[in-house]
Chemist: 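Please find one structure pasted underneath; my questions will follow.
Values below: all heavy atoms of this structure, side chains included; hydrogens, waters and symmetry mates excluded. Reminder, nothing fancy here: chain letters follow the sequence lines and each chain counts from 1. Because the structure is predicted, anything quoted here is derived from the model rather than measured.
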Amino acid sequence: MLAQLSCTVLSRKELLDHIFKLTLSSSHISRKAKPGNFVHLKVNSDAPLLRRPFSIHSVDRARNRFEILLKVVGKGSAVLSQKSPGETLDLLGPIGNSFSLPPRGREVILVAGGMGIAPLWFLLTRLAGRFSPEDMTVFMGAKSKTELLYADKLKGTQAKLIVATDDGSAGRKGLITEVFLKEIKKRGRDLKKLAVCSCGPHKMLKSMSEIAKSLDLWCQISLETHMACGVGACWGCVVKGNDGTYKRVCVDGPVFDAREVVLE
Amino acid sequence: MLAQLSCTVLSRKELLDHIFKLTLSSSHISRKAKPGNFVHLKVNSDAPLLRRPFSIHSVDRARNRFEILLKVVGKGSAVLSQKSPGETLDLLGPIGNSFSLPPRGREVILVAGGMGIAPLWFLLTRLAGRFSPEDMTVFMGAKSKTELLYADKLKGTQAKLIVATDDGSAGRKGLITEVFLKEIKKRGRDLKKLAVCSCGPHKMLKSMSEIAKSLDLWCQISLETHMACGVGACWGCVVKGNDGTYKRVCVDGPVFDAREVVLE
Amino acid sequence: MKGRPDLSVKVAGVRFSNPVLVASGTFGYGEEYNALIDLSKLGGIITKSVTLKPREGNPPPRTVETPAGMLNAIGLTNVGVDRFIKQKLPFLRRLNTRTIVNVAGSTVDDYLKVVKRLNRCKGIDMLEINISCPNVKEGGLAFGARPESAYECIKQIRDHTSYPVIAKLSPNVTDIVQVACAAEEAGADAVSLINTLVGMAIDVEERKPVLANITGGLSGPAIKPVALAMVWKVAGAVRLPVIGIGGIFNVQDALEFILAGACMIQIGCANFVDPQTTVKIVDGLNRYLKERKIKRITDLVGGLRTG
Amino acid sequence: MKGRPDLSVKVAGVRFSNPVLVASGTFGYGEEYNALIDLSKLGGIITKSVTLKPREGNPPPRTVETPAGMLNAIGLTNVGVDRFIKQKLPFLRRLNTRTIVNVAGSTVDDYLKVVKRLNRCKGIDMLEINISCPNVKEGGLAFGARPESAYECIKQIRDHTSYPVIAKLSPNVTDIVQVACAAEEAGADAVSLINTLVGMAIDVEERKPVLANITGGLSGPAIKPVALAMVWKVAGAVRLPVIGIGGIFNVQDALEFILAGACMIQIGCANFVDPQTTVKIVDGLNRYLKERKIKRITDLVGGLRTG
Ligand SMILES: Cc1cc2nc3c(=O)[nH]c(=O)nc-3n(C[C@H](O)[C@H](O)[C@H](O)COP(=O)(O)OP(=O)(O)OC[C@H]3O[C@@H](n4cnc5c(N)ncnc54)[C@H](O)[C@@H]3O)c2cc1C
Ligand SMILES: Cc1cc2nc3c(=O)[nH]c(=O)nc-3n(C[C@H](O)[C@H](O)[C@H](O)COP(=O)(O)OP(=O)(O)OC[C@H]3O[C@@H](n4cnc5c(N)ncnc54)[C@H](O)[C@@H]3O)c2cc1C
Ligand SMILES: Cc1cc2nc3c(=O)[nH]c(=O)nc-3n(C[C@H](O)[C@H](O)[C@H](O)COP(=O)(O)O)c2cc1C
Ligand SMILES: Cc1cc2nc3c(=O)[nH]c(=O)nc-3n(C[C@H](O)[C@H](O)[C@H](O)COP(=O)(O)O)c2cc1C
Ligand code: FES
Ligand code: FES
């Protein structure tokens, strides 16, 4: 499965300020990737030296291509965001485990914070056949309206969409985790019927993990850490399990049961 | 005189394979520069870190611009050669001493090896008013025809032009220093009437220095060394003088009396 | 020149098909890279440091990138010698390459216990003794920091194993030559250097060290000049084979170490950047020798002209 | 916050307008950079090492670039103390900034002779004693490599001058804290660290060391993590003011050193890359303090949270 590939950039689109979508050509990734998998991209410049991990955001098997969403937060992402069509990227992938499919009969809830939508969108497309839209809710959080990704696209999926922004400039005001918590509590339903998948900034996932633990939710979260090798060799990317052992985010994750990890 | 400037690249032209001419905008350089002076260019990328020195190749005071010739030999020159019009370059300059004008009445001989033409062309343009073309000879050496620079332009100056290539693919066959030596010996003239200015690869200048010493020629050579500061502060760029002291190529040079330096 | 140049090297009686090894801790137990390169092309694999008991290692964050390098404070995370033998060694044994087991411990007794268990195994070609891990007390830097303790540790191990022993040296010392000489006297069959330099990075926004362990070990191109100087000095001072480590990313780097006196080299964090690094270096060495009509790589070792 | 934040620092009774100094050997005698920056904006200028006799220095090549750094083996080229006093000091004296004279020697007696001549001068605010130059026998590394000899050298100087004395420490040691403590005991008023790490580069085509001196001193961003770890350790161990040096290229780097415990910092080879570095860092520190409503830079010193 894991392979080192040279993929051509097919297109590059600026979705929002500092947020880009790159379409890359690869039959291998498009065929093998599962939601939650990521690719480990060589920046191909002198600095930074180390590869950078990015979730696989969508695949198009018919056309042998896949997409990543990329937010510019530092030097590596800045260089990668400037790759133009025709250039090639050296990548390792697909890497990592993937979201387990929620058991049938559950209500599926996806909780995305900012760039967290990247793998969740891929997951959503895979769940679409298995769950009817009325059984799917997407919570989408962002700092403010200008950083809100995919609201329109998500509406198109017919899944229920709940938006929240920190400053209230779009949707409800507040942290998406608070909105999520309020919402599931409000509904008063049997929480055992929920299947939650979440991805977003570390702080948000920490909240999700705490919520999942306190309510004993079926909840998977996809984590982000600094990675060196990306293939399980260096043990640099670990997260603490609640059994006291460390797990590698790159190959034991990036998807973990939110109840089984200890985030600081 | 010395200033730190931000100069816009006005044009970039590939003269030969791996050899580029950059035109940069700067009223300061165009007004202050003398033949032999150089600029110390920031590469403006993470690697290489240190600036790179390039001779001022021509100036256009009227239009506030100057040119450099740049041969790609490593990473720094490669990055610099890719700067496109509109980009700016951070540079220090003009730096260094300059060629002394040959005393009137002399026969002027310029001996250029490869990129050595860069400062010598600037010198030639300044000598043109002072010496008549028949009193000027340019020896132009290159590895082979494909690396021969400026032969046409030099013909246009009406100065006598003698070309040599290592492989004989253009002009005479052999090292330009050998051709030069043969030529001045052949003429049997009073060597005291000659004024020689030379620039080129280290090995060539070493030969020139030996020739100048053995024949006691009036001969100036413009040296190249690795430079760190480029402003005389670090003492990293030194060449040994024949008095046993070290001279800084950046500020005591780059132009030296060929009889007064010891090249290894 | 007809035929391929001879890249093989013999160290302490063990023949390696080429001088390119992977450095401990950067290549797991080999299997992690099995999907990415043909492991049989490597001269040998050096395992992650093995300790007596399994170790979880340090809390995260454990790595941070720095200019032309990285800091790590993994903390010798490993499965412990027993599980190593049961779960990891069989895979390595099946490979058509040399296996060097890197051993770490906090007391000489620890080291000896690990070594004794390894003594009973098949498929191990050599031991590399880590007396230089800067990230945990148990990593042996206590031994590697002084010639006397290095001697003591290596000597004990020497007396308790018939495997060839490589002493892996720390650069965080005033005179690495003294430590190398102590290892030589103690009966080491080779020395490898360098392990990482102690370093640190600070998150200015949070006003906290980036690494949970506060300090870590610096590796990568940044340390290459330091490693090269040490290899050159040690190679000039000991009769043992010297194995060069530190920021080797391409064949040029590899040749620098070989010319400085290293008969073999180890590739560390370059594996992270490009898993093909080792294979590319082997190919590059072949090409270099061929182009220059040099028959054997061993003809290049220590071929630096300093006169 | 009203008004400008207070960037001034006082070390051994000497008040500096800000904590940004230029490192010895990278800024000549100040005049070389006079055309490029307003020297009065610097906290202070540290001169190229001054020795008793003029020194020509090592043969070229003396510098080579390495990943995120450079090696130098200048060899303490300098005009000697007498010409320094006559030709260089007057310029420095006229500047509205502090002057720190860096002193090097091969024997304690050498150092003392230089110091005694400097004792008679006006316009010198402090001495920095280079016991850490790796490139020449006379550069004092012999002293800086061991606590005992560092003590001896600094103590003698301390007894023969009333200038505040900074001991400039070498990173090429097993335990820099010991050397720092020795300097403290000997009566140093501050320690500065680090000088360069010993390194080497090889020209693979020529099979020769790139530097005529074979080895050189490594500086630049590559060594920043090493410098930072040492500054942090020393700052935690001595009561003296610590001056941080090593790969500081921007305000972020400067803040890392200050948080680690440096009350001042020195900018070395960053001056070569961008002569404005010092001035930009001073501006950056001002901005940082202002934005965070921190009144004094001294409030940040050692403000690292490691709990
Ligand atoms: C499995 C996985 C999947 C990811 N998927 C995506 C994705 O689909 N889209 C996307 O834009 N990003 C994704 N990321 C994050 C992305 O890898 C980082 O943003 C990127 O590596 C930053 O590199 P840089 O050089 O631009 O920034 P750096 O200069 O390395 O860092 C900039 C800032 O971000 C922090 N930072 C960097 N990396 C991380 C990290 N992994 N976790 C937390 N903080 C970090 C740094 O501490 C620093 O403050 C993913 C990360 C992981 C581990
Ligand atoms: C005063 C002066 C004027 C110059 N004028 C010009 C000019 O007009 N046009 C031009 O193309 N070049 C000129 N040079 C040379 C130019 O500075 C170097 O080619 C350039 O710095 C190489 O940088 P790099 O990063 O591309 O190569 P690097 O990777 O630094 O080096 C590539 C190879 O070239 C060698 N090398 C690098 N710099 C030098 C040097 N200064 N002397 C000898 N060998 C060197 C290296 O050892 C290496 O083998 C001048 C140099 C000086 C000192
Ligand atoms: C993530 C990581 C983990 C390491 N773990 C070990 C280890 O367990 N044992 C050991 O002897 N060296 C360990 N090292 C040191 C390397 O083997 C090597 O000596 C060092 O990284 C320098 O080489 P490099 O610059 O090529 O990476 C580790 C290095 C890294 C980067
Ligand atoms: C070219 C050069 C010359 C140096 N000369 C001296 C010197 O004469 N005396 C001294 O104490 N340090 C000298 N140093 C060391 C610097 O002062 C400084 O300690 C070192 O470069 C690390 O800082 P940096 O990484 O900011 O350059 C020199 C450094 C360089 C790069
Ligand atoms: S990044 Fe190396 S083990 Fe995960
Ligand atoms: S390059 Fe620094 S003195 Fe010439």
Chemist: Mind checking the CG-OH spacing from A/Leu2 to C/Tyr33? Nearest 0.5 Å is all I need.
Modeler: 9.5 Å
Chemist: Side chain, backbone, both or neither: which part of A/Thr225 has a heavy atom under 4.5 Å from chain C?
Modeler: neither
Chemist: Sort C/Thr77 into side chain, backbone, both or neither according to what part of it lies under 4.5 angstrom from a heavy atom of chain A.
Modeler: side chain
Chemist: Heavy-atom pairs under 4.5 Å with chain A are the metric here; pick the option from C/Cys269, C/Pro61, C/Pro59 that has the most.
Modeler: C/Pro59
Chemist: I'd like to know whether C/Glu65 forms a side chain to side chain contact (heavy atoms under 4.5 Å, CB included) with A/Leu49, so could you lay out the CA-CA distance, the side-chain angles of the two residues, the decisive distance to 0.1 Å, and finally the verdict.
Modeler: CA-CA 8 Å; C/Glu65 191 162 343; A/Leu49 198 65; 3.3 Å; yes
Chemist: With a 6.0 Å cut-off (strictly less than), is the heavy-atom count around NZ of C/Lys208, excluding the residue itself, greater than 12?
Modeler: no
Chemist: Heavy-atom distance under 4.5 Å between the side chains of C/Asn72 and A/Cys234, does that happen here?
Modeler: no
Chemist: If you look only at pairs with a residue in residues 46-87 of chain C, which of them pass as a ring pair (Phe, Tyr, Trp, His ring centres under 6.0 Å), with sequence neighbours excluded?
Modeler: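 Output for this query lists C/Tyr29-C/Phe84.
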Chemist: Given that the side chain runs from C-beta out, which part of C/Glu31 has a heavy atom under 4.5 Å from chain A: side chain, backbone, both or neither?
Modeler: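 The answer is neither part of C/Glu31.
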Chemist: Which atoms form the tightest heavy-atom contact between A/Ala3 and C/Leu36, and what is the distance?
Modeler: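 A/Ala3 and C/Leu36 have their closest heavy atoms at C-CD2, 3.6 Å.
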Chemist: Tell me whether A/Lys34 at atom NZ has more than 12 heavy atoms from other residues, nucleotides or ligands lying less than 6.0 Å away.
Modeler: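 Open: at most 12 neighbouring heavy atoms sit under 6.0 Å from NZ of A/Lys34.
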Chemist: Please output the residues of residues 92-101 of chain C in contact with chain A, using a heavy-atom cutoff of under 4.5 Å, in numerical order.
Modeler: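 Within residues 92-101 of chain C, no residue comes under 4.5 Å from chain A.
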Chemist: Side chain from CB out, backbone as N, CA, C, O: work out which of these in A/Ala228 comes under 4.5 Å of a heavy atom of chain C, or both, or neither.
Modeler: both
Chemist: Are side-chain heavy atoms of A/Gln4 and C/Asp274 found at a separation under 4.5 Å?
Modeler: yes
Chemist: Got a sec: does the NZ of A/Lys21 have more than 12 other heavy atoms crowding it under 6.0 Å?
Modeler: yes
Chemist: Quick one: does any side-chain atom of C/Glu56 pair with a main-chain N or O of A/Tyr246 as donor and acceptor, under 3.5 Å?
Modeler: yes
Chemist: For C/Ala270, is it the side chain, the backbone, both or neither that has a heavy atom under 4.5 Å from a heavy atom of chain A?
Modeler: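 Contact with chain A: none, neither part.
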Chemist: For A/Phe122, what residues pass the ring pair (Phe, Tyr, Trp, His ring centres under 6.0 Å) criterion, not counting sequence neighbours?
Modeler: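 Residues passing ring pair (Phe, Tyr, Trp, His ring centres under 6.0 Å) with A/Phe122: none at all.
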Chemist: Do any of residues 247-254 of chain C have a heavy atom less than 4.5 Å from a heavy atom of chain A, and if so, which, in residue order?
Modeler: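 Against chain A, the residues of residues 247-254 of chain C that fall inside the cut-off (heavy atoms, under 4.5 Å) are C/Phe249.
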Chemist: Considering only heavy atoms from C-beta outward, does the side chain of A/Val238 approach that of C/Arg62 to under 4.5 Å?
Modeler: yes
Chemist: Based on non-hydrogen pairs under 4.5 Å, which of A/Val239, A/Thr245, A/Leu50 is most in contact with chain C?
Modeler: A/Leu50
